[in-house]
2 protein chains.
Amino acid sequence: MRRETYNEFRRLCQEHSLAATHQRQKIYEALVSRPGHYSPEEIYEQVKQDLPSISLATVYKNLKTFVHAGMLREVSPHHGSWRIDANHHPHHHLVCTRCRSITDLDFDSLGPVKLRGKLPSGFRLEKFTIEVQGICKACTAAETKQH
Amino acid sequence: MRRETYNEFRRLCQEHSLAATHQRQKIYEALVSRPGHYSPEEIYEQVKQDLPSISLATVYKNLKTFVHAGMLREVSPHHGSWRIDANHHPHHHLVCTRCRSITDLDFDSLGPVKLRGKLPSGFRLEKFTIEVQGICKACTAAETKQH
DNA sequence: TATCAGATGATAATCATTATCACAAGATTC
DNA sequence: GAATCTTGTGATAATGATTATCATCTGATA
Ligand SMILES: [Mn+2]
Ligand SMILES: [Mn+2]
Ligand SMILES: [Zn+2]
Ligand SMILES: [Zn+2]
C-alpha cells in the first residue's frame, strides 16, 4: 500500500473509531488503488491474494462499515430486489436514501440534461436516467418524532 | 381487468408472439392497474389473490419476458450485486444496458440539472444522480462481429 | 376437435447476503 | 511490553432472492 493511502486509511479509522486491522487495510486498498465499481465478491477475491484466510463475511461487514462511515459509497441508492416499472411515460425517480422507497417524479419537474463534453468513444447512448436522492416525507417525520 | 387494459394486453401479446395466458393477464394487470415499483414477490402476492395456484417462478419468468419485450421496464439498469464506489469526486455513471458494466463519467461532461417544478412536499433533497444508459464499446463490438 | 409449441407449477439448485458465536487481535492503560 | 478490555475475525449456518429443471397442461392454429 502506498504510504499516502496508508496514512489516509489510518486517519479515517481514527476519525471513525475503527480498529485499523490489516484486513480493513487490504479491503480499503483494493477499492481505492484502482478505479472501478466492485462487488463484495470481487473485493474478496482481490484481498484473498494477500490474506488467504480472510472470510467473505469480513469483507461484507467492513464494506458496510466503510459505507456507513462515509469512507465509501454504494453505486445504487436503491440496491436490493428487482423492481419493475409499468409507467411508460418519460419520468424520473425520487429515491429515499433511508428507506429506499421509489416514487415517480414528473419529467417536467427537472430541466433537460445537456451533453457538454464527449462520451467515451464507442458508447452508444440510449437515455439519461435521473434519480433524485433524499429523505422522504415519512422518514423525515419518523426522524422528527424521535427528538 | 378493465376492458381497455385487457385489449392492450392482448395486443401486446400478439405483437410479441406471446400466449395470452390468464397468469400473464393477472401479472400484467397487477403492474399497470396501480402506480408503483414492485418486486416479483409483491406481484406474486397480489396475483395469488386471484390465482391461488400460481407459482413464484411463473411470475419471475413472465416479468423477464415482459421486460425483454419492452412491455415493462426495470427500475435499475444495473440491478444485481451490491457495488461500491471509492471515487469521492462528484461524477456520473455510464451504465451498459447489455452487460451492466458501470464506468465513471466526468461531472463536467453533462450540464447541471435544474429543478423546474416543485418536489413533493416533505421530500428533503440530497442530490441528483445521473446515469447514462447505453451500449458500451465492448458490447457494440461483440454485436457487430455477429453480422 | 386434434395437434403441438410454448407456458405453468413444483421444487431443487444456485447465488447473494446476513446472523451467530467462539476465538483472535487492536487499543488502552499501566 | 504485559494485562485488560473491546472490537473484529473466520467458520459456517441461516436466510433470502433468483434461476434451472422437468413433468404436465393449455392457448393458438388449422
Ligand atoms: Mn417509475
Ligand atoms: Mn463511480
Ligand atoms: Zn424514506
Ligand atoms: Zn456492455
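We name chains A, B, ... by the order of the sequence lines, and we start the count at 1 in each one. What you see is a predicted model, and the numbers here were worked out from it, not measured in a lab.
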NZ of A:Lys48 versus C1' of D:dT9: gap in Å, rounded?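 Spelled out: NZ on A:Lys48 to C1' on D:dT9 is 16 Å.
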Protein N or O to nucleotides 24-30 of chain D N or O, pairs below 3.5 Å:
from: D:dG27; atom 1: OP1; to: B:His22; atom 2: ND1; distance (Å): 3.4
from: D:dA28; atom 1: OP1; to: B:Ala20; atom 2: N; distance (Å): 3.0

Could you say whether A:Pro40 or B:Ile54 is positioned toward the 5' end of DNA chain C, judged by the nucleotide with the nearest heavy atom to each?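 Taking each residue's closest nucleotide, the earlier one in sequence belongs to B:Ile54.
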A:Ala57 or B:Leu56: which one's nearest nucleotide on DNA chain C is closer to the 5' end?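 The residue whose closest nucleotide sits nearer the 5' end is B:Leu56.
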Is there a donor-acceptor contact under 3.5 Å linking the side chains of A:Gln23 and A:Thr58?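 Not at all, the side chains of A:Gln23 and A:Thr58 share no donor-acceptor pair under 3.5 Å.
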For the side chain of B:Thr58, starting at C-beta, report the closest nucleotide among D:dA17, C:dG9, C:dT17.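 Output: C:dG9.
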The side chain of A:Ser55 lies closest to which of these nucleotides: D:dT12, D:dA17, C:dA16?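 That would be D:dT12.
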Given side chain to side chain contact (heavy atoms under 4.5 Å, CB included), test B:Ile84 with A:Ile43 step by step and report yes or no. CA-CA 10 Å; B:Ile84 304 297; A:Ile43 299 297; 5.9 Å; no
Should the pair B:Lys26-B:Glu45 be classified as a salt bridge under the 4.0 Å nitrogen-to-oxygen rule?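 So B:Lys26 does not pair with B:Glu45 through a salt bridge.
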Taking only side-chain nitrogens and oxygens of A:Lys64, does any of them come within less than 4.0 Å of OP1 or OP2 of C:dT18?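 True: A:Lys64 side-chain N/O within range (under 4.0 Å) of C:dT18 OP1/OP2.
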Please check the phosphate of C:dT18 (OP1 and OP2 only) for any side-chain N or O of A:Tyr60 closer than 4.0 Å.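 No, because none of the side-chain N or O atoms of A:Tyr60 sits under 4.0 Å from OP1 or OP2 of C:dT18.
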Can you find a donor-acceptor pair, distance only, under 3.5 Å between B:Lys61 side chain and C:dG9 base?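 Looking at the base of C:dG9, it does pair with a donor or acceptor on the side chain of B:Lys61 (distance under 3.5 Å).
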Flag the pair B:Phe107 / B:His92 as yes when their ring centroid distance falls below 6.0 Å, and as no otherwise.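 Yes, they do, as the ring centres are separated by less than 6.0 Å.
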Could you tell me whether A:His37 and B:His93 have their ring centroids closer than 6.0 angstrom?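 When the ring centroids of A:His37 and B:His93 are compared, they turn out to be within the sub-6.0 Å range.
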Heavy-atom check, side chain of B:Tyr28 versus side chain of B:Asn62, under 4.5 Å: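 The answer is no; the side chains never approach within 4.5 Å.
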Base, sugar-phosphate alone, or nothing: which one does A:Ser53 contact when heavy atoms must sit under 4.0 Å apart?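 Sugar-phosphate: the residue A:Ser53, judged by heavy atoms under 4.0 Å, touches backbone atoms but no base.
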